[in-house]
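Each remark here refers to the structure printed beneath this line.
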Amino acid sequence: MADRADFAARYGGWGIVAGASQGLGAAYAEELAARGLNLLLIARRGELLRSLASELSMKYGIETKIIVLDLSSADAVEQVAQAVNDLEIGMLVYNAAFSAIGPFLERSLDDHLKEIGTNALTPLKLIHLFAGQMLARGRGGIVLMSSLSAFQGSAYISTYAATKAFNIVLAEGLWEEWRERGVDVLVCVSGAVKTPNYVASEPERTGGLGDRTMNPDQVVHEALNALGKGPYVIPGRMNRMASFVMRHLLPRKSAVKFMGRVLKGMYVKQE
Ligand SMILES: NC(=O)c1ccc[n+]([C@@H]2O[C@H](COP(=O)([O-])OP(=O)(O)OC[C@H]3O[C@@H](n4cnc5c(N)ncnc54)[C@H](OP(=O)(O)O)[C@@H]3O)[C@@H](O)[C@H]2O)c1
């Protein structure tokens, strides 16, 4: 881990974790606190945020604030801007996501649009809000969460995977634009992670290439260690190998079909 003082000097004084109440988001909050950032934590469940915030400030001697907010709402970013006021935001982690699992037409249009809002529009707007100040200071970090499902079309989570592909391509472009101006952009392209959301989605089995399900703290640790070293990271050696096979050895059409079979096994109840 980078020295706490160096990390805080580069990405402090305050970090935002959007989607912080549990799982990967709470793990980001914990590791950023351990690395010395004050934290502004966002999610819908205020009780979880409050107890996490007080636990982290006791344990790491940092300042914390919470914003109880639905990041899919149209005015979410205005509400964040108001709550931030004049805090110096040096780090933005966008972790929240909505995933409408199932055959495309069995989910409402509203669900598909909510995926685009939560997973693509809101992170874009937050980056637009905070990156200018980071660039003016010549330092800062932005971390977006994506998924291995975004490297090709992924049946039964098509819109979710498309929003996650948006995050990969957006982060890569911004990494190149800003890497020589002191602002590090990273997309974390994760495989399955044992978060409450993942467990609640009741995957029947993890599908091909073995069970590579990781713990949130492992994923977050690899992601934050990769920040400033390149535009993306795939946490986990087995995930990197599986992704290499899918992207470089299989024809794209075969990768799409393979992913579809895996996801059907996980999420489409068989008669
Ligand atoms: N888990 C996996 O297997 C996996 C795999 C690949 C990629 N990822 C990516 O990793 C990220 C986190 O994954 P996860 O879903 O497993 O979740 P998680 O980190 O366990 O929880 C998601 C967090 O976001 C918050 N959140 C969700 N929707 C929100 C909204 N509309 N407004 C405000 N906060 C919201 C939730 O809190 P509240 O419910 O309290 O609002 C929660 O704190 C996502 O971007 C996901 O795409 C996960």
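As the structure is a prediction and not an experimental result, all values here were calculated from the model.
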Is it the case that over 12 heavy atoms from other parts of the model lie below 6.0 angstrom from the NZ atom of K125? yes

May I ask you to decide whether E88 forms a salt bridge with R139, counting only side-chain N to carboxylate O separations under 4.0 Å? yes

Closest non-hydrogen contact found for V17 with G25 is CG1-O, 3.6 Å

Straight-line distance of R261 CZ to F258 CZ, nearest 0.5 Å: 7.0 Å

Can you tell me how far apart OH (Y60) and CD (E55) are? Round to the nearest 0.5 Å. 8.0 Å

Flag, side chain of N239 to backbone of P235, donor-acceptor distance under 3.5 Å: yes

Shortest non-hydrogen separation from L71 to Y94 and the atoms involved: CB-OH, 3.7 Å

Starting from the C-alpha separation in whole Å, work towards a yes-or-no answer on side-chain contact (heavy atoms from CB on, under 4.5 Å) for Y160 and S149. CA-CA 9 Å; Y160 168 81; S149 66; 3.7 Å; yes

From CD1 (I142) to CG (L126), nearest 0.5 Å: 10.0 Å

List the steps, then state whether side chain to side chain donor-acceptor pair (under 3.5 Å) holds for S108 with D110. CA-CA 5 Å; S108 67; D110 278 352; 5.3 Å; no

Residue pair I67, L40: steps toward the side-chain contact (heavy atoms from CB on, under 4.5 Å) verdict: CA-CA 7 Å; I67 312 179; L40 206 152; 3.1 Å; yes

Residues R45 and Q22: side-chain donor-acceptor under 3.5 angstrom: yes

Can you measure from OG (S21) to CD (E47) and round to the nearest 0.5 angstrom? 11.5 Å

Distance-only donor-acceptor check, side chains H221 and D217, under 3.5 Å: no

N167 side-chain N/O to T163 backbone N/O, donor-acceptor pair under 3.5 Å: yes

Counting distance only, does the side-chain N/O of K229 pair as donor-acceptor with the main-chain N or O of N225 below 3.5 Å? yes

Sub-4.5 Å side-chain heavy-atom contact between W14 and L32: no

Does the side chain of M246 come within less than 4.5 Å of F151's, by heavy atoms? no

Report yes if the side chains of R137 and Q133 come closer than 4.5 Å at any heavy-atom pair, otherwise no. yes

Between N38 and E63 (side chain of the first, backbone of the second, donor and acceptor by atom type, cut-off under 3.5 Å), is there such a pair? yes

Any heavy-atom pair between the side chains of L41 and K65 that's under 4.5 Å? no

Any side-chain heavy atom of L263 within less than 4.5 Å of one from S154? yes

In the structure I gave you, are the side-chain heavy atoms of V84 and I16 within less than 4.5 Å of one another anywhere? yes

Is there a donor-acceptor contact under 3.5 Å from the side chain of E31 to the main chain of V220? no

Between S201 and Y267, does any side-chain donor sit less than 3.5 Å from a side-chain acceptor? yes

Donor-acceptor pair between D75 and Q79 side chains, under 3.5 angstrom: yes

Residue that, paired with L69, satisfies side chain to side chain contact (heavy atoms under 4.5 Å, CB included) out of V77, I42, L49: I42

I want to check something: taking the side chain as every heavy atom from C-beta on, are L174 and E177 in contact at a cut-off of under 4.5 Å? yes

Contact check, side chains of T64 and I66, non-hydrogen atoms, under 4.5 Å: no

Using the salt bridge (charged side-chain N to carboxylate O under 4.0 Å, His left out) rule, take E30 and K59 through it: C-alpha gap first, then chi angles, then the decisive distance, then the call. CA-CA 10 Å; E30 169 112 31; K59 193 165 166 190; 2.8 Å; yes

Which atom names give the shortest non-hydrogen contact between L148 and G191, and what distance separates them? CD1-CA, 3.7 Å

Yes or no on salt bridge (charged side-chain N to carboxylate O under 4.0 Å, His left out) for R10 and D184, after CA distance, side-chain angles and deciding distance? CA-CA 10 Å; R10 179 139 185 71; D184 300 322; 3.0 Å; yes

When rounded to the nearest 0.5 angstrom, what is the spacing between CD1 in I234 and OG in S146? 10.0 Å

Applying salt bridge (charged side-chain N to carboxylate O under 4.0 Å, His left out), run through R237 and E222 and close with a yes or a no. CA-CA 11 Å; R237 197 169 57 87; E222 285 198 41; over 6 Å; no

Any chance the side chains of T195 and N197 put a donor and an acceptor closer than 3.5 Å? no

Give the minimum heavy-atom separation between G46 and V68, together with the two atoms involved. CA-CG2, 3.6 Å

Would Y28 and M145 count as a side-chain contact (heavy atoms from CB on, under 4.5 Å) here? Give the steps. CA-CA 11 Å; Y28 270 113; M145 279 305 294; 3.2 Å; yes

So, taking the atom named CG in L144 and the one named NZ in K164, what distance separates them when rounded to the nearest 0.5 Å? 8.5 Å

